[in-house]
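Structure record follows, encoded as structure tokens.
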Amino acid sequence: MSNLPDIILSNKSKIKFAMSLCARCSMCAPSCFLYRANNGDPTYMPSYKMLNSIGLIFKKKGNLSDNDLENIKNIVWEKCVLCTRCYCSLGIDIPYLISLARDFCRQKGVYKTYDN
Amino acid sequence: MHQLYLLLRGPLALISFIVFIGGVIYQIIWFFNNTKVQEIPKNPGLLPSKKEIKSFYPPEDIKKLTKWEGSVWSTQPYFTILTSIFHILVILTPIFLLAHNILIKQSWGIAPPSLSEKITDVFTIVVLCFGAYFLYRRIFLSKVRIITGGGDWLMFFLVFLPYLTGFLAYHQIFSYMPMVILHMFLGELMLVCIPFTRLKHMIFFFLNRFYLKSEYSFFKKGNRVWN
């Protein structure tokens, strides 16, 4: 059963489209300053972050385990600052999709805290 | 075996062309149905005019900012050139291949322009070399491997196997008839799969980059947003 909030459902066609269009070419990698600052760690790559946050949420229809949510939290807050500088040669709006994953996490009560 | 050849050459070829063209039209309609034009006032007053922008920055900086900086042309220029050559060749080679066009003439009476067999043979070898390079990237580069799934391998084999079998059939390296039948089957399968698999980036590269409103929209003309 789908457990997706309205914000995700209203962007369903855009998310589905991006997931099926991404050619996994990894050409977006050097456009992320965090990827470069972390010696090319592929988990900082924009496409990896998109596929493993909103992609996973969409694939699992929002039915995520605590571990999945923890991983997504790490990706969307620790590994992406939404600077919107990433570049997809096919024109996928990666920052917007990651921001949707943040929305989803907030609705699930999972967000970045600054006191630990 | 000859029956199978005739089936692939005749009705199945026609079906694959129809599915391909129909699929492309379907995807284009889907795109325009799911996006809408976003009208932007010419100058809402808050943004500086083009003339004012020119006065802020020297012209060479504007060129740098608007055209290359931040795009793959600045971050990965060599790979961008290589992959552009690959995409051009992968489309041009089958369209201008003499053997394909002879079959089209025999079947439908149309004679499309063809390149010499030597040129298309070189193009095929170049495409196959790119295939080996992309295979290397998918297996050995962690940034590509980490996001590679079943769909990507499907895309890879759908694209390169028709070229490999076509090359082997043309040079008659193995038994000709089974190889050419395999080549025709794989080529038709690729054609059918283009609009419905990741290969649809062939269509959406142009739609996304020309019609969608984005910082990197080609010629800054994109004015559509998702519904």
Side-chain angles (χ1 to χ4, degrees), chain A residues 7-36 38-56 59 71 75 79 83-97 99-100, chain B residues 27 30-31 33-35 68-77 79-80 83-84 86-87 134 137-138 141-153 155-156 159 195-218 222 224-227:
Chain A
I7 183 76
I8 305 287
L9 290 173
S10 61
N11 284 281
K12 200 176 163 184
S13 52
K14 187 174 181 176
I15 301 167
K16 202 175 168 186
F17 176 71
M19 295 308 134
S20 65
L21 186 64
C22 175
R24 275 75 164 171
C25 63
S26 81
M27 285 182 86
C28 56
S31 68
C32 177
F33 78 93
L34 285 169
Y35 170 83
R36 291 194 291 207
N38 285 283
N39 304 315
D41 177 351
T43 61
Y44 282 89
M45 197 165 55
S47 52
Y48 175 87
K49 291 185 271 192
M50 176 188 78
L51 295 166
N52 287 282
S53 58
I54 192 70
L56 190 67
K59 194 175 161 187
N71 287 339
I75 289 172
K79 296 194 170 182
C83 69
T84 72
R85 290 296 83 205
C86 48
Y87 177 91
C88 170
S89 49
L90 294 174
I92 297 171
D93 190 353
I94 300 172
Y96 180 73
L97 294 166
S99 77
L100 288 178
Chain B
Q27 292 290 5
W30 180 89
F31 176 82
N33 275 342
N34 281 280
T35 57
W68 307 113
E69 202 62 24
S71 85
V72 284
W73 286 100
S74 78
T75 54
Q76 296 171 87
F79 185 68
T80 305
T83 193
S84 301
F86 161 72
H87 281 94
F134 292 146
R137 285 184 93 240
R138 285 239 172 265
L141 292 192
S142 60
K143 67 176 179 178
V144 188
R145 192 176 57 232
I146 199 170
I147 49 170
T148 297
D152 306 293
W153 287 113
M155 181 170 78
F156 176 84
V159 172
F196 308 106
T197 62
R198 247 164 237 157
L199 293 172
K200 68 182 172 188
H201 70 258
M202 174 182 157
I203 314 158
F204 286 109
F205 171 76
F206 297 100
L207 291 179
N208 273 5
R209 304 308 299 274
F210 282 99
Y211 288 98
L212 272 192
K213 186 172 166 281
S214 145
E215 185 181 355
Y216 298 110
S217 168
F218 286 156
R224 299 187 78 84
V225 291
W226 290 90
N227 285 340

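Reminder, nothing fancy here: chain letters follow the sequence lines and each chain counts from 1.
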Open item on the list: If we define contacts as heavy-atom pairs under 4.5 Å, which of B:V144, B:I147, B:I146, B:T83 has the most with chain A?
Closed with: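 The candidate making the most pairs under 4.5 Å is B:I147.
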
Open item on the list: Is A:L90 close to chain B through its backbone or its side chain, or both, or neither, when contacts mean heavy atoms under 4.5 Å?
Closed with: both

Task: Atom group of A:Y44 that falls short of 4.5 Å from chain B, counting heavy atoms - done: neither

Task: Residue pair B:M155, A:R24: steps toward the side-chain contact (heavy atoms from CB on, under 4.5 Å) verdict - done: CA-CA 11 Å; B:M155 181 170 78; A:R24 275 75 164 171; over 6 Å; no

TODO: Please assess B:N208 against A:L21 for the test side-chain contact (heavy atoms from CB on, under 4.5 Å), listing each intermediate value before the final yes or no.
DONE: CA-CA 11 Å; B:N208 273 5; A:L21 186 64; 3.4 Å; yes

TODO: Return the option, out of A:C25, A:S10, A:S89, with the maximum number of heavy-atom pairs under 4.5 Å with chain B.
DONE: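 Heavy-atom pair counts peak at A:S89.
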
- [ ] Supply the atom-to-atom distance A:K16 NZ to B:N34 CG, rounded to the nearest 0.5 angstrom.
- [x] 10.0 Å

TODO: Classify the ring geometry between B:F204 and A:F17 as parallel (under 30°), tilted (30 to 60°) or perpendicular (over 60°).
DONE: perpendicular

Measure across [X] and [Y] and return the closest heavy-atom pair with its distance rounded to 0.1 Å.
X	Y	answer
B:W226	A:S13	CE3-OG, 4.4 Å
B:K200	A:S20	NZ-OG, 2.9 Å
A:C22	B:R198	O-CD, 3.1 Å
B:K143	A:M45	O-CE, 2.9 Å
A:A23	B:D152	O-OD1, 4.0 Å

Select one option (side chain, backbone, both, neither) describing which atoms of [X] are under 4.5 Å from chain A's heavy atoms.
X	result
B:R209	side chain
B:R138	side chain
B:T35	neither

Open item on the list: More than 12 heavy atoms of other residues, nucleotides or ligands under 6.0 Å from CZ of B:F210: yes or no?
Closed with: yes

Task: Under 3.5 Å donor-acceptor, B:Q76 side chain and A:M27 backbone - done: yes

